[in-house]
> 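Pasting a structure here, questions to come.
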Amino acid sequence: MVSSDRLLAFAAMSFLLIVVPGPSVLFVIGRALAQGRRAALTTVAGNTLGAYVLVVAVALGVGSVVERSVLVFTALKLAGAAYLVYLGVKAVRRRGSLRTALAEAAPVAHGSLRTLGEGFVVGVANPKTIVFFAAVLPQFVDRERGSVVLQMLLLGLVFNLIAIVSDSVWGLVAATTRGWFAGSPRRLSLVGGAGGLTMIGLGVAVAATGRKD
């Protein structure tokens with residue numbers, strides 16, 4: 001399996017990538033501001049599942065296709081960006097209903113599943129993660145130490161464990177800040193609008209950045 005020095009080096013590189021807010025982190029923050037702690041943590045879970053799908057794809061060789069094909073990479077990036085903008089616009093339009101949502105005893109299962117699914121889409125379409133897994137992950141594999149696929153899956157698991165802790169902290173901090181606004185309908189509406197605008201801006205940024213080749 002993966003040697004301890006390679007595992008630690010990969011974990012360090014992963015941490016440096018994860019702590020810098022990217023599409024997934026900013027999406028979690030937007031969700032925390034707009035909908036609260038539970039939605040933020042559910043989004044983190046969805047993001048993590050989406051990111052691990054990318055790990056499996058790279059381990060099975062699909063990642064190299066995405067990395068080498070400008071068309072595939074661009075299509076996936078633009079799809080993710082459009083989805084973020086769509087969710088942001090929806091959040092802005094529904095910002096006035098946030099106070100009612102807070103008064104509800106518990107969200108319905110469908111809402112939680114939908115939030116999980118939306119987080120999954122953002123996680124699996126995150127261009128930063130796609131490039132990292134496709135270009136960096138294979139470099140930490142030692143072909144002389146057993147199954148390449150199992151090594152990649154293990155490294156990807158390490159990445160996602162770090163990500164779920166970091167993203168959860170971001171979400172909880174944002175949700176705590178949101179609580180201060182809950183006493184005022186106007187402030188709460190502003191929070192909902194800010195969360196939506198964050199997602200819209202993020203979608204635009206994702207569409208405008210990335211590979212130029």
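The figures here come from the full heavy-atom set of this structure, side chains too, leaving out hydrogens, waters and symmetry mates.
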> Got a sec, which pairs hit side chain to side chain donor-acceptor pair (under 3.5 Å) with one end in residues 2-14, sequence neighbours left out?
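Residue pairs with at least one partner in residues 2-14: Ser3-Asp5.
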> Checking side chain to side chain contact (heavy atoms under 4.5 Å, CB included) for the pair Val56/Met152: CA distance, chi angles, key distance, verdict?
CA-CA 8 Å; Val56 174; Met152 286 189 175; over 6 Å; no
> Is the closest side-chain heavy-atom distance between Thr115 and Gln35 below 4.5 Å?
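Counting from C-beta outward, Thr115 and Gln35 do come under 4.5 Å.
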> How far does CG of Leu116 sit from CG of Leu49, to the nearest 0.5 angstrom?
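Interatomic distance, Leu116 CG to Leu49 CG, rounded to 0.5 Å: 6.0 Å.
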> Rounded to the nearest 0.5 Å, what separation is found between the CG atom of Leu41 and the OG atom of Ser112?
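Answer rounded to 0.5 Å: 11.0 Å.
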> Using a side-chain heavy atom cutoff under 4.5 Å and only I, L, V, M, F, W and Y, what cluster partners does Ile164 have?
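Members besides Ile164, by chain and number: Val28, Val44, Val165.
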> Identify each donor-acceptor pair in which a side-chain atom of residues 118-125 lies under 3.5 Å from a protein atom, sequence neighbours left out, and give them as a table.
{"from": "Glu118", "atom 1": "OE1", "to": "Arg31", "atom 2": "NH1", "distance (Å)": "2.9"}
{"from": "Glu118", "atom 1": "OE1", "to": "Arg31", "atom 2": "NH2", "distance (Å)": "2.5"}

> Taking Val173 as the starting point, is it possible to reach Phe15 by hopping between hydrophobic residues whose side chains are less than 4.5 Å apart?
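Different clusters: Phe15 never reaches Val173 through Ile, Leu, Val, Met, Phe, Trp or Tyr contacts under 4.5 Å.
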> For Leu8, what residues pass the side-chain contact (heavy atoms from CB on, under 4.5 Å) criterion, not counting sequence neighbours?
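Testing Leu8 for side-chain contact (heavy atoms from CB on, under 4.5 Å), a comparison that skips the adjacent residues, returns none.
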> Mind checking the OG1-CG spacing from Thr42 to Asn47? Nearest 0.5 Å is all I need.
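Interatomic distance, Thr42 OG1 to Asn47 CG, rounded to 0.5 Å: 11.0 Å.
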> Answer yes or no: is there a donor N or O on one side and an acceptor on the other, between the side chain of Tyr52 and the main chain of Leu153, under 3.5 Å?
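Such a contact is found between Tyr52 side chain and Leu153 backbone.
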> Provide the full list of ring-ring contact (aromatic ring centres under 6.0 Å, His included) pairs with a residue in residues 139-161, sequence neighbours left out, each pair given once.
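As it turns out, the ring-ring contact (aromatic ring centres under 6.0 Å, His included) pairs with a partner in residues 139-161, which skip direct neighbours, are Phe10-Phe140, Phe132-Phe159, Phe133-Phe159.
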> Applying the 4.5 Å side-chain criterion to the ILVMFWY set and letting contacts propagate, would Val158 and Val169 be lumped into a single cluster?
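No.
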> Please give me the minimum heavy-atom distance between Ala174 and Ala32, naming the atom from each residue.
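Looking at all heavy atoms of both residues, the closest pair is CB-CB, 3.6 Å.
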> When rounded to the nearest 0.5 angstrom, what is the spacing between CD1 in Ile162 and CG in Leu157?
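It comes to 10.0 Å.
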> To the closest 0.5 Å, what do you measure between CD (Gln151) and CG (Leu7)?
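Between Gln151 CD and Leu7 CG, I get 10.5 Å after rounding to 0.5 Å.
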> Quick one: pull up CG in Asp167 and OG1 in Thr43 and give me the separation to the nearest 0.5 Å.
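It is 10.0 Å, given to the nearest 0.5 Å.
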